[in-house]
Amino acid sequence: MARVTHSLTERTGEDGREMKLRTLGQGLRVSALGLGCMGMSQSYGPADEQESIATIRRALELGVTLLDTADMYGPFTNEQLVGRAIAHRRDEVVLATKFGNERRPDGSFVRVNGQPEYVRRACDASLQRLGVEHIDLYYQHRVDTTVPIEDTWGAMHELVQAGKVRYLGISEAAPATVRRAHAVHPMAASQNEYSLLTRDPEEQLLDTLRELGIGLVAYSPLARGFTSGQFSDPGQFSEDDFRRHNPRFQGENFTANLALVNKITALAEAKGVTSAQLALAWVLAQGDDIVPIPGTKRLTYVEQNVKALDIELTSEELAAIDEAVPRGAAVGDRYAAEQLSRVNI
C-alpha cells in the first residue's frame with residue numbers, strides 16, 4: 001500500500017497553535033484532524049449539550065476545521081446542535097454532513113434511501129437544521145442497492161451545480177461503487193472506519209482512492225474508544241451505549257481485543273504519550289491523504305487528541321505497532337449483523 005504525501009500548510013488557532021492541514025480529493029483543504037460529532041447526540045450514553053457545544057468551539061479554537069455530522073444522528077438533533085455551535089463562525093468550518101440512512105423522528109430506521117428526490121429533500125432539510133447556506137462536504141451515508149449509484153450521484157451533482165453543496169463524498173462503499181460514483185461527479189472523500197483494530201480499507205479501497213485522487217476520512221480512528229485504553233470491562237457501558245451490543249465489546253471478543261489494547265498502551269507509555277494519542281498518530285502516519293475524525297463530546301479529549309499531531313513515529317515504532325496489532329488481529333465483527341449488511345456495497 002503506497003503512502004501518498006501532499007505538501008502541508010498550517011492554520012493558526014486562537015491559542016497560537018499551528019494546525020497542520022491536509023488535502024482531500026479535488027483540492028478540499030481541511031485540518032489534519034477533524035471532529036466527529038455523532039456521539040454528542042446518540043450511541044455513547046447521555047447527551048450533554050452544553051459540554052458538546054463547548055467541545056466544538058474549543059476544537060475551532062485549536063484550529064480544527066472539519067466537523068462531521070449526519071441527518072440520522074439523533075436523529076436530526078446533531079445537525080441542529082452543530083449549527084448552534086458554529087453560529088457566527090461559519091467561515092472557520094469545513095462542514096460535512098450525510099444523507100441516506102432514513103430515520104423517523106422517534107429514531108426508528110426506515111431504509112437506506114438513495115432516490116434522487118430524497119437526496120434533494122434531505123439536503124434542503126440539513127441546510128435548514130444547520131442554519132447554513134451551503135454544505136462543504138456532502139456524503140452518501142450508505143449505498144441504496146435499489147437505485148443505480150449513477151442516479152443518486154446525478155442528484156448530488158445537481159446540488160453542487162445549485163450551490164447548495166461544494167464537494168461530494170461517500171461512506172462505506174465498495175471500490176467498484178466508488179469508481180462509478182466518481183465517474184458521475186469527482187469525489188473528494190470516502191469516509192470509512194479505519195483504526196488499529198479496523199484496517200479493512202487497506203485491502204482494496206485505499207489503492208482505489210489513491211488511483212482516483214480521493215481522500216480517506218477515517219471515522220472511529222480510536223476503534224469506538226477501545227484503543228484509548230479507558231475500558232477494562234464491558235460492564236462499564238451504560239444501557240444506552242451501543243457498544244454493549246457491538247460484537248467486539250462482548251464476552252471473549254472483549255477479552256481478546258483488550259489484550260491488543262494493552263499492547264498499544266505499553267507502547268504509548270514507553271513513548272510518553274497516551275494510548276489514544278498513539279493510536280491517532282498511527283492513523284495519521286498511514287498517509288497525508290487520510291484525515292481521522294475522532295469523535296468526542298468532552299472538551300478535555302479534544303485537547304488531548306489534537307496533541308497527536310505533534311507525535312512523530314519512526315519506522316521502527318511503526319513496525320513495533322504493526323507487530324503488536326497486525327492487520328486482522330481484532331476479534332468480532334465491527335457492527336452487528338444488520339448494520340454490517342449495509343457496508344461495502
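Position 1 is the first residue of the sequence; numbering continues from there.
- With rounding to the nearest 0.5 angstrom, the CD1 atom of I290 is 10.5 Å from the CG atom of N192.
- S31 places no side-chain N or O within 3.5 Å of a backbone atom of V64 that could act as its donor or acceptor partner.
- Put simply, the side chain of N257 never gets that close to the backbone of F249: no donor and acceptor are under 3.5 Å apart.
- What you find for L313 and K271 is that their closest heavy atoms are CD2-CE, 3.8 Å.
- T23 and R29 form a side-chain donor-acceptor contact under 3.5 Å, judged by distance and modelled atom types alone.
- Using bins of under 30°, 30° to 60° and over 60° for the plane-to-plane angle, the ring pair H185/W153 lands in the tilted bin.
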Full working for salt bridge (Lys or Arg N to Asp or Glu O under 4.0 Å) between R334 and E172
CA-CA 13 Å; R334 60 192 179 96; E172 293 284 6; 2.9 Å; yes
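- When the options R121, K164, E79 are evaluated for a side-chain hydrogen bond (donor to acceptor under 3.5 Å, both in side chains) with S126, the one that passes is E79.
- K307 is not listed as a side-chain neighbour of V273, based on a closest heavy-atom distance of 4.5 Å or more.
- The aromatic rings of F231 and F237 sit tilted relative to each other, their planes meeting at an angle between 30° and 60°.
- Contact check on D106 versus R104 returns no salt bridge, with no Lys/Arg side-chain nitrogen under 4.0 Å from an Asp/Glu carboxylate oxygen.
- S108 and R103 share no side-chain donor-acceptor pair at under 3.5 Å.
- Side-chain N or O atoms of E51 include none that pairs as donor or acceptor with a backbone N or O of D48 at under 3.5 Å.
- A distance-only check finds a donor-acceptor pair linking the side chain of T314 to the backbone of E317 [under 3.5 Å].
- A donor-acceptor pair under 3.5 Å links the side-chain atoms of R90 to the main chain of V93, judged by distance alone.
- At least one donor-acceptor pair closer than 3.5 Å links the side chain of S171 to the backbone N or O of Q191.
- Checked against a 6.0 Å centroid threshold, the rings of Y167 and Y138 do not count as neighbours.
- In summary, the aromatic rings of Y139 and F99 are positioned with their centroids too far apart to meet the 6.0 Å limit.
- Ion pair E150/R179 not flagged as a salt bridge, since none of the NZ, NE, NH1 or NH2 atoms sits closer than 4.0 Å to an Asp/Glu carboxylate oxygen.
- In summary, the aromatic rings of F254 and F226 are positioned with their centroids under 6.0 Å apart.
- When each of D289, I170, L206, V178 is checked for a side chain to side chain contact (heavy atoms under 4.5 Å, CB included) with I214, only V178 meets the rule.
- Side-chain contact check for S275 and T227: no donor-acceptor pair (N or O, by modelled atom type) lies under 3.5 Å.
- At least one side-chain heavy atom of V165 sits under 4.5 Å from a side-chain heavy atom of C123.
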From CA spacing to verdict: salt bridge (Lys or Arg N to Asp or Glu O under 4.0 Å), R342, E338
CA-CA 7 Å; R342 302 174 192 148; E338 180 182 356; 3.0 Å; yes
